[in-house]
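Values reported hereafter were calculated over all heavy atoms of this structure, with side chains retained and with hydrogens, waters and symmetry mates removed. Counting starts at 1 for both ligands and their atoms, in listed order.
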Amino acid sequence: MYEREREELVERLVRWGYLSKRDIIDAFKKVPRHEFIPENIRDYSYADQPLSIGHGQTISAPSMIAIMLESLDLKAGQKVLEVGTGSGYNAALIAEVVGQMRRVFSIERIDELAEFGRANLKRTGYGWVKVVVGDGTCGYEKEAPWDRILVTACAPELPKPLVQQLKIGGKIGAPVGQHYMFQTWLVAERRGKKELKIEERGGCSFVPLVGKCGWKTGG
Ligand code: SAM
């Protein structure tokens, strides 16, 4: 189902320059995005737009997801934490690229969405991805350190616990900004215990990261 639509979407994302890495292109071709979209809007699954997944949350547009994944230099065998499971689609793509059992974790603060994401992952063959309910601003210490952390909701700054849970040489990608519409996709590499190399990779717009760890509020 929707195979032609998926193929055409991937062709467009390559042509527009959003997708260039072979293993990420293959993951986009393989993971059935429509299985992660609520049934009543499934026909929009392969349009390049964000879609509602309920509880005031969204699954990002495919082009944004391509930017996020390509910017992280994902590789087979890495241990990856995603913050903000939502539908589970990003986690499935990551699992497809990383390709090793028990090395992909995703944390979601809303119970019902964690359940939705978990069910979608299981149905599509990625049931081994561990979905945890919790506040991802605090990271997931139990399984740290991480090679890669992908944050899919926006904070005023990079949450410190997440940076601290990165391996030296590890990378975090996250939307950062104070305003709902004007945010920046940041990629930061942990170069040493206290050294972080931060790159700005363009504008973006995400739902807020809601949590209690990592940055001062009200400032
Ligand atoms: N990655 C998701 C996907 O593939 O569908 C889409 C993520 S959606 C843009 C952002 C998600 O982050 C929402 O599901 C939201 O509930 C979640 N979120 C917000 N703050 C969070 C936090 N502190 N910890 C964990 N999840 C959080």
Side-chain angles (χ1 to χ4, degrees), residues 24 27-28 31-38 41-42 44-69 71-72 74 80-98 104-124 126 129-144 146 148-163 165 172-177 180-181 183 185 204-215 217:
I24 298 182
F28 267 80
V31 178
R33 181 171 160 95
H34 61 276
E35 293 283 354
F36 295 82
I37 306 291
I41 52 169
R42 228 165 233 188
Y44 300 96
S45 301
Y46 296 97
D48 189 26
Q49 64 183 78
L51 294 168
S52 167
I53 51 171
H55 305 275
Q57 306 301 321
T58 54
I59 173 173
S60 304
S63 55
M64 188 64 230
I65 297 174
I67 291 172
M68 292 154 79
L69 296 188
S71 71
L72 267 189
L74 285 175
V80 185
L81 175 68
E82 179 194 33
V83 176
T85 313
S87 69
Y89 178 62
N90 270 6
L93 290 168
I94 293 168
E96 194 54 50
V97 175
V98 168
V104 181
F105 294 74
S106 185
I107 186 161
E108 170 59 55
R109 63 179 273 273
I110 300 174
D111 269 325
E112 292 85 346
L113 281 179
E115 199 38 59
F116 179 59
R118 214 178 267 132
N120 295 338
L121 284 161
K122 190 164 178 212
R123 202 176 51 255
T124 50
Y126 302 98
V129 172
K130 176 105 173 124
V131 175
V132 181
V133 177
D135 178 358
T137 63
C138 311
Y140 192 50
E141 184 74 56
K142 204 171 139 197
E143 287 288 341
W146 304 97
R148 297 289 183 266
I149 299 177
L150 179 72
V151 186
T152 67
C154 183
E157 60 185 57
L158 288 173
K160 287 185 184 62
L162 295 182
V163 172
Q165 287 178 26
I172 178 171
V176 172
Y180 191 72
M181 290 299 289
Q183 305 164 1
W185 183 254
C204 56
S205 172
F206 280 78
V207 293
L209 188 66
V210 181
K212 63 178 172 48
C213 295
W215 67 90
T217 51

Checklist entry - Between Ala91 and ligand 1, which part of the residue brings a heavy atom under 4.0 Å of the ligand: side chain, backbone, both or neither? => result neither

Checklist entry - With only distance considered, is Val83 within less than 3.5 Å of ligand 1 through an N or O on each side? => result no

Item to check | Structural part of Ile110 in contact with ligand 1, heavy atom criterion under 4.0 angstrom | outcome: side chain

Checklist entry - Counting only heavy atoms, which portion of Leu209 has something under 4.0 Å from ligand 1: side chain, backbone, both, or neither? => result both

Next on the checklist: So for Gly117, does at least one of its heavy atoms come nearer than 4.0 angstrom to any atom of ligand 1?
Outcome noted: no

Checklist entry - Does any N/O atom on Val210 come nearer than 3.5 Å to any N/O atom on ligand 1? => result yes

Checklist entry - Hey, which atoms in ligand 1 end up nearer than 4.0 Å to a heavy atom of Ser87? => result 3 (C), 4 (O), 5 (O)

Item to check | Interatomic spacing from CD1 in Ile107 to NZ in Lys130 - rounded to 0.5 Å | outcome: 10.5 Å

Checklist entry - Between the side chains of Ser87 and Asn120, does any donor sit under 3.5 Å from an acceptor? => result no

Checklist entry - With a 4.0 Å heavy-atom cut-off (strictly under), which part of Thr85 contacts ligand 1: side chain, backbone, both or neither? => result backbone

Checklist entry - Looking only at N/O atoms, are Ser60 and ligand 1 under 3.5 Å apart anywhere? => result no

Checklist entry - Taking N or O atoms only and a 3.5 Å limit, does Arg109 qualify as a polar contact for ligand 1? => result yes

Checklist entry - For ligand 1, which atoms, with element, lie under 4.0 Å from some heavy atom of Glu82? => result 1 (N)

Checklist entry - Are any of the N/O atoms in Gly84 less than 3.5 Å from those in ligand 1? => result yes

